> 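Below are the structure tokens for one structure; questions will follow.
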2 protein chains.
Amino acid sequence: MLAERQKQILKAIIEEYVVHAEPVGSRTISKRDDIGYSAATVRNEMADLEDLGFVEQPHTSAGRIPSQMGYRYYVDNLMGPQRLERTDLLQVRELFASQMDAVELTIQQTGSILSRLTNYTSIILGPEAIHNKLKHLQVIPLNERSAVAIVVSDNGHVDQRRFTVPDGVSLSSIEKLVNILNVKLSGVPLVRLKRNVYQELFAELDRHVEQYEFLLGVIDQMLLADTDDRIFTSGTTNILTQPEFTDVTQVKALMDLFEQTDTVTKLFATNNAGVQVRIGEENSIATVNNCSIVTASFSIDGRSLGTVGVLGPTRMDYNKVVSLMQVLTTDLSEHLRQLYK
Amino acid sequence: MLAERQKQILKAIIEEYVVHAEPVGSRTISKRDDIGYSAATVRNEMADLEDLGFVEQPHTSAGRIPSQMGYRYYVDNLMGPQRLERTDLLQVRELFASQMDAVELTIQQTGSILSRLTNYTSIILGPEAIHNKLKHLQVIPLNERSAVAIVVSDNGHVDQRRFTVPDGVSLSSIEKLVNILNVKLSGVPLVRLKRNVYQELFAELDRHVEQYEFLLGVIDQMLLADTDDRIFTSGTTNILTQPEFTDVTQVKALMDLFEQTDTVTKLFATNNAGVQVRIGEENSIATVNNCSIVTASFSIDGRSLGTVGVLGPTRMDYNKVVSLMQVLTTDLSEHLRQLYK
DNA sequence: TGTTAGCACTCAAAGATCATGAGTGCTAAT
DNA sequence: ATTAGCACTCATGATCTTTGAGTGCTAACA
């Protein structure tokens, strides 16, 4: 347990370092309005804090910088429920006040505002198609040999895929198939589609329709490809303005990371309710060991829909990011609830 | 007009510099197999080439680097019709041999292979929706208040947009409207849609359907938003491996550039047939004044469909890029022709 | 006359040396 | 318990030196 004065000083160190990105010395701390002690006293406390592992010294004659443990303590115990700047809050409210119909658009703009207000990179994992149910299926022929299959799910998400009609399959038989599927499968979760067909409709389809497998194959591929569309990034270049990323090779590693969908999913996925902070090496992937990731999931009626995330340097304005995320996920959940209604 | 030996030496300088990215000295040139002159002779010629403006000297005791004018001369006169590496050609052929139905997918993969083979960044401006014609229009209601509008064009491109049904508009009237539009407007170029409605269908719609304007508005917005979807970038981080981009601020400027759709369009758009090379300051935008851009448009029956582009440092392997682009656009055009058939 | 060997000269880049000052740890006074 | 004072440390930036790749010029050569 830290003494009150130690807490004060640790808090001050972190807040200074977050702003200036340079080791902070005892004099700097001593001069702050919220600290009433001399530099010497602060120095003593700082030495203690270092022994305890909350701060580090890059070299003997430099100031202190927070350690990962220090940040962790700050996030868990010291961080006050700071108010958001009024202008920031206003922007968020304005965003959701403007009528946005498309789920995709809402999510994209949420990401955009998040990265703009924090100056970090934001990533949003959209709703998983897994939960969606079939609303409508449609096949539109383009010419004798090719057609477009369109799957609309109950949340308004639209998937499409062009395909070539194999020889020996007539357009009319496709039409018949689509009709049957629409009637029988409306409301069925997309992931169950194929199974349902084989379990319940096998006999009927076999009797009426020739070669229905290939169309099911097309639909199946659509749903598979869909997971890629779940990731929305914004403000990718923001990290480039952070002083800790002057090294181009590191930047490249990070940029490449963003393009690997599976890694991104692994990094940002969370099923916890509430805001979660992962600091430095608490992240499993080495590339982001000098980064912190703040995530929060948004949901409707307890059902998680996706995750909002911010990636920045370990020296992050946790206070601001966390409060912003709280507001944002609450508002986003509410907004989506209205849309899905 | 350059003397034969001068051409030889200029060519050698450029080819060395493209590989090693460092000023090349007379001895290096002299030791090449295709040069049979001593370093001293080469030095004399280099001095002449410098006077003529084809090469530059960073400082007195350094080797020479090609000037923009030098590159230009190389591209226009010196560059031989080099064969593509067999493995590269193989990859291209393989790409198009695999059955790809979706136009979007084809284009994306073309970009991906282009950036992989060149190690530069590739950008593709997809077919402009402008030319597309309406194939099918569909509105699928999700619940009492919202619905999805889907526009399928004759090339298989699908646009979608979710919208809220205003009060006082019934679903049945929307259905009626969609039916009329489908019958009357099939085959009409998308850009003409709205005009056609007002010119030809005004009377009929006015008689049968209440409040059709809002749906037309929805469709209009879809088509507007569509221009954004035309741009496919790939290998954005490739430029980070180039030694000329160690400066993070420059990298950021470039990255930000990629996100401005209008600038990208301006930079890469070309209606010329064939491969076009823009070197350094020949590009209108300052951010890319130390870059070169190679573009080529792909087309069907002379109608231009879009542009393939590569962005790299001025020190670019023009020979390789140009030959690759030639093959790629030819094959892509052919492939699309089969798809559109 | 065109080509090449030789040599003095130039200058960026990398290493070595030095001064500066921010910041510490310790001790002694308050 | 707190703080003023002081000697000590060490990264940073400035200045100087060395090194070597490369040039330009001149004179010799084919």
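Nothing here was measured: the structure is a model prediction, and the numbers come from that model.
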> Can you name the salt bridge (charged side-chain N to carboxylate O under 4.0 Å, His left out) partners of A:D88, sequence neighbours left out?
A:K320
> Would you jot down, in residue-number order, the residues of residues 6-40 of chain A having a non-hydrogen atom under 4.0 Å from DNA chain D?
A:Y37, A:S38, A:A40
> For B:A253, enumerate each residue passing the side-chain contact (heavy atoms from CB on, under 4.5 Å) test, keeping only those at least two apart in sequence or located in another chain.
B:T287
> Kindly write out the residues that satisfy side-chain contact (heavy atoms from CB on, under 4.5 Å) with B:T314, not counting sequence neighbours, or none if the list is empty.
B:Y71, B:I279, B:N290, B:S292, B:Y318
> Pairs in or reaching into residues 43-64 of chain B: which pass ring-ring contact (aromatic ring centres under 6.0 Å, His included), with residues at least two apart or in two chains?
B:F54-B:Y73
> What salt bridge (charged side-chain N to carboxylate O under 4.0 Å, His left out) pairs are there with at least one residue in residues 254-269 of chain A, not counting sequence neighbours?
A:K252-A:D256
> Can B:S67 and B:E56 be counted as having a side-chain donor-acceptor contact under 3.5 angstrom?
no
> How would you list all residue pairs meeting salt bridge (charged side-chain N to carboxylate O under 4.0 Å, His left out) that involve residues 64-81 of chain A, not counting sequence neighbours?
A:E50-A:R64, A:R72-A:D76, A:R72-A:E282
> Kindly write out the residues that satisfy side-chain contact (heavy atoms from CB on, under 4.5 Å) with A:N283, not counting sequence neighbours, or none if the list is empty.
A:L267, A:R278, A:V288, A:I293
> Among residues 44-61 of chain A, which contact DNA chain D at a heavy-atom distance under 4.0 Å?
A:N44, A:H59, A:T60, A:S61
> With sequence neighbours excluded, what pairs up with B:D247 under the side-chain contact (heavy atoms from CB on, under 4.5 Å) test?
B:T249, B:Q250
> When you match B:R43 and B:R5 each to their closest nucleotide on DNA chain C, which lands nearer the 5' end?
B:R5
> With a cut-off of 3.5 Å and sequence neighbours excluded, list every side-chain donor-acceptor pair involving residues 14-24 of chain A.
from: A:E15; atom 1: OE1; to: A:R32; atom 2: NH2; distance (Å): 3.1
from: A:E15; atom 1: OE2; to: A:K11; atom 2: NZ; distance (Å): 3.4
from: A:E16; atom 1: OE1; to: A:H20; atom 2: ND1; distance (Å): 3.4
from: A:E16; atom 1: OE2; to: A:R32; atom 2: NH1; distance (Å): 3.0
from: A:H20; atom 1: ND1; to: A:E16; atom 2: O; distance (Å): 3.4

> Under 4.0 Å from a heavy atom of chain A: give me the 5'-most and 3'-most nucleotides of DNA chain C that qualify.
C:dA22 to C:dG25
